[in-house]
Every structure is written in structure tokens, then in C-alpha cells.
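Worksheet for the structure shown next.
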Amino acid sequence: MIVLAILTNGKFRVNTLLLKPNNEDEFAIQDYRGLHFLDLKISSPQTKTTLISNTGVDGQQQQGPILYDSRTATANFFLETSDEIDFEAKCHELYNKFFHRKLIRVRQSNDIARCFYGIAKPFDITAIGYLDKTFSVEFDIPSAYLYSVARS
């Protein structure tokens, strides 16, 4: 069992994912027995440009502003279970934590001041042994931006 300890300098002993659904308390995903957060990978911003071609002119010209499209983030996990009943129960708990009708604030403890607001996509859980599983949760980030938690 991993115990999420906060050191005296205010940092977490292990990196964990912190989720805050709308109007609920923020919780550390590491708080669930047997669930281990591995890492979070956030894709680079994707540009949306409108380009026009002119006859007799090389290349294209930009028309209008350069905008940013949504991007994604992927959180990877390792899950330990004791049997099939425990596995099914943990799956239902995970689904209740990740899937909401509104955006979820997501941040990790090693970058505590930055967050994004995302929507979890459906995910599959893969067995790497009878009791050990892995899964990845991909989040759509509609705004394409990361934010300061303090809104500075």
C-alpha cells in the first residue's frame, strides 16, 4: 500500500494525479488502495490556420488569426487487485471518478500550480497478470491551455 505523505516542504513524496470534479472536493488518485499513478503526458498545442493559395504565387498566405485547437493529455496507471470481485468494484469506482458531465480539473503533485480542465475518454483496462492491470486515461482538453491553479 502506498501512503501519500506530504513532506515538510509542502511537496508530495510520490507524484500523484489530483482530480477535482465540478463542485466536489479535490482528491488524490493515489488514495485508492492498489491504484498507482505512473505519469501524465500532455500533447503539444495544435494550430488551426486558414491558408489561401493565389495563382501565380509560390506557397500559401495566412488569412485571419492563428487559433489553437483542443489537445489531449494521457494519464497512465497500474492497478493491483485481489480477485475478480475486487477488480469489478474498483472499475466502477474509477468510472465514477473519471466520468462527469462537466469538465474535471486535473493536475499532478509534481507540478501543483498548473492544471487543465478536461473530459475523460473511454478506456480499457489491460491485464498484465491475473491480479495486476494497467490502463491509460486520455483527456480531451477543449481550451488547449494549461492554467494556473491560483488564476494569476
Distance in Å, I119 CD1 paired with L103 CG, rounded so as to fall on 0.5 Å steps: 5.0 Å

Heavy-atom donor-acceptor pair, K20 side chain to E24 backbone, under 3.5 Å: yes

V137 vs F99 side-chain heavy atoms within contact, under 4.5 Å: no

Any I52 side-chain heavy atom under 4.5 Å of N54 side chain: yes

Verdict with reasoning, D132 to F78, per side chain to side chain contact (heavy atoms under 4.5 Å, CB included): CA-CA 7 Å; D132 298 333; F78 173 73; 3.7 Å; yes

Criterion side chain to side chain contact (heavy atoms under 4.5 Å, CB included) on R107 and V149, from CA distance to verdict: CA-CA 9 Å; R107 62 187 178 145; V149 173; 3.7 Å; yes

F87 ring center near Y130 ring center (under 6.0 Å): no

R71/D69 ion pair, N-O < 4.0 Å: no

Rounded distance [0.5 Å steps], OG1 in T74 versus CG in L38: 12.5 Å

F37-F123 co-clustered via ILVMFWY side chain contacts under 4.5 Å: yes

F116 and Y145: CA distance, side-chain angles, deciding distance, ring-ring contact (aromatic ring centres under 6.0 Å, His included) verdict: CA-CA 7 Å; F116 65 84; Y145 295 106; over 10 Å; no

Full working for side chain to side chain contact (heavy atoms under 4.5 Å, CB included) between Y117 and F139: CA-CA 9 Å; Y117 293 86; F139 293 91; over 6 Å; no

Reported CG-to-CD distance for the pair D39 and Q108, which is rounded to 0.5 angstrom: 8.0 Å

Distance, nearest 0.5 Å, that separates CD of Q46 from OH of Y68: 10.5 Å

Donor-acceptor contact present, side-chain S109 to main-chain T16, <3.5 Å: yes

F77 and L17, any side-chain heavy atoms less than 4.5 Å apart: yes

Working for side chain to side chain contact (heavy atoms under 4.5 Å, CB included), residues K97 and I104: CA-CA 10 Å; K97 293 300 180 185; I104 300 171; over 6 Å; no

Over 12 non-hydrogen atoms of neighbours within 6.0 angstrom of CG in D124: no

Heavy-atom donor-acceptor pair, Q63 side chain to Q61 backbone, under 3.5 Å: no

Heavy-atom side-chain proximity of N15 to L40 below 4.5 angstrom: no

Crowding at CG, L51 (>12 non-hydrogen neighbours, <6.0 Å): yes

Polar side chain donor-acceptor pair, D140 to S70, under 3.5 angstrom: no

Atom CG of D83 with >12 non-hydrogen neighbours under 6.0 angstrom: yes

T81 and D86: side chain donor to acceptor below 3.5 Å: no

Side-chain touch T72/I141, heavy atoms, less than 4.5 angstrom: no

Check ion pair K133-E80 (N to O, under 4.0 angstrom): no

Test item: side-chain donor near acceptor, S53 and Q60, under 3.5 Å: yes

Name of the residue among L19, L146, I42 meeting side-chain contact (heavy atoms from CB on, under 4.5 Å) with V106: L19

N76 CG to H36 NE2 distance, which is reported to the nearest 0.5 Å: 14.5 Å

I125 side chain near C91 side chain, heavy-atom distance below 4.5 Å: yes

Heavy-atom check, side chain of K90 versus side chain of L79, under 4.5 Å: yes

Side-chain touch L94/F135, heavy atoms, less than 4.5 angstrom: yes

